[in-house]
Amino acid sequence: MAKLNRLQMAWRAAQDLQEGMVVNLGLGMPVACSDYVPAGREIIFQSENGVISAGPLAAPGAADPDLVDAGSRQITIAVGGSVIDSTASFAMIRGGHIDVTLLGAFEVAANGDLANWDSRIPDKGPLVGGAMDLAASAKAVWVIMEHTTRKGAPRLLDRCTLPLTAPACVKRIYTDLAVLSVTPEGFVVHEIVPGVSQAELQAATGAKLHFAPDCGVLLSPDIADAG
Amino acid sequence: MAKLNRLQMAWRAAQDLQEGMVVNLGLGMPVACSDYVPAGREIIFQSENGVISAGPLAAPGAADPDLVDAGSRQITIAVGGSVIDSTASFAMIRGGHIDVTLLGAFEVAANGDLANWDSRIPDKGPLVGGAMDLAASAKAVWVIMEHTTRKGAPRLLDRCTLPLTAPACVKRIYTDLAVLSVTPEGFVVHEIVPGVSQAELQAATGAKLHFAPDCGVLLSPDIADAG
Amino acid sequence: MAIDKRITAVAEKLQGIKDGATVMLSGFGGAGFANTLILALRDAGPRDLTMVSNSATHLLGRTQVLIEANMVRKVICSAARGRGKELSPFEEQWKAGKIELEVLPQGTMAERIRAGGAGIPAFYTPAGVGTDLVKGKEIRRFNGRDYVLETAIEGDLALIRGDLADRFGNVTFRGTQANFGPAMATACKLSIVEVFATQAEAIPPERVMLPGVFVDHVLAVGGR
Amino acid sequence: MAIDKRITAVAEKLQGIKDGATVMLSGFGGAGFANTLILALRDAGPRDLTMVSNSATHLLGRTQVLIEANMVRKVICSAARGRGKELSPFEEQWKAGKIELEVLPQGTMAERIRAGGAGIPAFYTPAGVGTDLVKGKEIRRFNGRDYVLETAIEGDLALIRGDLADRFGNVTFRGTQANFGPAMATACKLSIVEVFATQAEAIPPERVMLPGVFVDHVLAVGGR
């Protein structure tokens, strides 16, 4: 069984980003996607603190503490980019001008419910950030997440057990085992990593899986994940 | 009886604008006020199409059709000014960031009701513009208007007869006969032009006038009104 | 293939505008009218349009060519009065009952358009409360003051005038060209901007006044 | 005497900030924190503050000095979680019931602040609908979708970081310094901006990012 590592998951999701799309990348695995966009494809990476078209991380020595993305990383502005304030940035998000938001998740339900903001850590304060605005209003919500918890419990469920970020919003899911979409019938599997059977994938999932007629193999290049 | 002409009325109102005030001037007599601000006093003249700090009209030959005020006049930007879009301009207006708006009026009532947008011209379309936003939200609404109609009927009334722009908003009125304020008790007269008695002013007014204890003489320099 | 929103002709881009569409036209006082695009829309000829424009009748803007061509079924504006005593083309058709009119306080109109682009379905505003203009609309009290509920306006097509544009669709404005343009671009399914000139090279970040995210096509027409 | 909003010391300007005041602090991810002004506010010492800031706990911003000084009664933010497993100063006081928390979707927070400065008492938004965060709030359906009613947030004091300012109070921002700053400036009775440098000469119109109309005082503190 060839589970993808975190960077490979980001790579796989990045392959589905199309020229000219306006894309918001969430913290964690999603932000790594910008490193794996196919060469020559121009994507507008929006960051909710007001960056329109974030470029690569700033080179050491050239980093500017006044220029950061929503993950507080010191970045650059891509050619053609600009900066707006928070109200304008969320007007853009809320108004449906983000083609895809790629978010991490704790759980996703078969109806597209997303839980990614409150994992119920005792005493730690809640962290909402921009996830609810993005999940509610992006044209498409895609999720990158491990298929199961570290203990092997499924994260793709009939119903979420954790507090929701937004109901019925997730359209596509990239896990370390498979690529799935959320349809009116529930989860549909489009690709599975080599060495995992449909039955094994179903066993790792907390909701009924449907398999696309052209369900294929989820392949990714070797990418070392130091993280 | 020394009625003020239109430019003298504008002059009188301009004397009450204080250093640093943010002031919006309506079409007609109000826009003339900017010509009569006492020397050395800096006023920020906002125009609702997005001009923050309009300067004088553009010189002939230097006029730029892309730079106009809300009266479609080709203007300049004053030192320290800038330009914003309509949504930002009305956010500024609606949010109470205009210290004074000086508007023309057909009628004002003793409770401060303002009627200045619909004079019921048959078949002509209605013209609201920014007056309702300004009247509803400026910190102070001042009016410049002739005391009576051309036929001598009063424009300062117990109740407006024309459709309202906003209720109970007017604070101060500059007419060709007097300077008045609107108080919880009704109209209070502060200055009257030479040669007009309190009784004559009352006779030209459609609501009871109160006279301030220090009611003075309304004087203005000679200004020729070509209009 | 890189992002390139520059076009050399607009007719084809307007073919998808159907009868009954809502069209937003920027412009205020002679500044910011996309007159080239408006004429192209007249030539495209969709009918029963709802026209959203600050004024139904402009002296310098060409908004009334759509009215004169009998393409407009409804006007949403803040100013519907033509200059002078004779009736404007809008007033003629309005008087004859051929055009419906929704007249709004200018700030309410601007904010409703912004709301349309910003995912806000409705908001409360003080403008117009206590006047005939809000008859039939919901009034609600917050902190001891009455406000009127106003809903978002969205459109099918925005025709906007700017100064410069780059291949990403980033736009700058001169003077007071912007006025309703940026908000209209956010509120419409298809947003086209005519500019003095276009360039392949990106406009510097700090000079961008309307981000290309909100713009579909830019057309250089000269005429600064 | 001309308009001049430049100040050389801020302590006196903060004397009017009373116990129970609402204070807005700009800043996001290390950019745009008015750390000099925040320390001055700590020294001024008003108590029972409501602190409006994107994050209750910043690594690079000094927002938590107000919390550590026991000056904050309530926090309105979108992020209340400290990094690492140990509790942040905010989390300690929150856990102990000493600080009330109102956590909002970041866009809702930004729009509520904008509304406070723009004379909009309330608006509807889709963010948070169907989640625990909108419990007790009014839900209303527009065009077949549910939205939540959110009200404006206004403040007594905004402390903002910019780059350059002129005597009119016009401000520019570098990089992503702006974030919540411009909206906060519009929403507060008193708005103070610390900048790298001030100048008597006016900032050119096309470079102004926060108009001086919304700014009461500007203080040069260096530190670019």
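Naming: A, B, ... by sequence-line order, numbering from 1 per chain. As the structure is a prediction and not an experimental result, all values here were calculated from the model.
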Under the 3.5 angstrom rule, does the side chain of [X] hit a backbone N or O of [Y] as a donor-acceptor pair?
X	Y	value
C/Glu91	B/Gly125	yes
B/Ser72	C/Gly30	no
C/Asp132	B/Leu164	no
B/Asn49	C/Phe28	no
C/Lys95	B/Pro122	no
B/Thr87	C/Ala183	no
B/Arg94	C/Gly107	yes

Worksheet item: Is the count of non-hydrogen atoms from other residues, nucleotides or ligands lying under 6.0 Å from C/Arg140 atom CZ greater than 12?
Response: yes

Fill in: C/Lys137 atom NZ: more than 12 heavy-atom contacts under 6.0 Å
yes

Report the option among [options] that has the most heavy-atom pairs separated by less than 4.5 Å from atoms of chain C.
options	result
B/Ser47, B/Ala136, B/Ser86	B/Ser86
B/Leu67, B/Val83, B/Asp123	B/Asp123
B/Ala131, B/Gly50, B/Ala70	B/Ala70

Evaluate the side-chain proximity of [Y] to [X]: yes if any heavy-atom separation is below 4.5 Å, no if none is.
X	Y	result
C/Arg81	B/Pro126	no
C/Glu111	B/Phe90	no
B/Asp66	C/Thr176	no
C/Gln106	B/Val128	no

Measuring from [X]:[atom1] to [Y]:[atom2], what's the distance to the nearest 0.5 Å?
X	Y	atom1	atom2	value
C/Ser78	B/Met132	OG	CE	10.5 Å
C/Leu210	B/Asp85	CG	CG	9.5 Å
C/Thr131	B/Trp117	OG1	CH2	6.5 Å
B/Asp133	C/Leu104	CG	CG	9.5 Å

Item to complete: Run the salt-bridge test on C/Arg174 and B/Asp64 with the 4.0 Å N-O cut-off and return the result as yes or no.
Response: yes

For [X], is it the side chain, the backbone, both or neither that has a heavy atom under 4.5 Å from a heavy atom of chain B?
X	result
C/Ile113	neither
C/Thr57	neither
C/Arg112	neither

Go through the atoms of [X] and report whether side chain, backbone, both or neither lie under 4.5 Å from a heavy atom of chain C.
X	value
B/Thr165	backbone
B/Asp113	neither
B/Val68	both

As an exercise: rank [options] by heavy-atom pairs under 4.5 Å with chain B and give me the winner.
options	result
C/Asn54, C/Leu101, C/Leu133	C/Leu133
C/Ala178, C/Cys77, C/Pro126	C/Pro126
C/Ala110, C/Ser55, C/Ser88, C/Ala56	C/Ala110

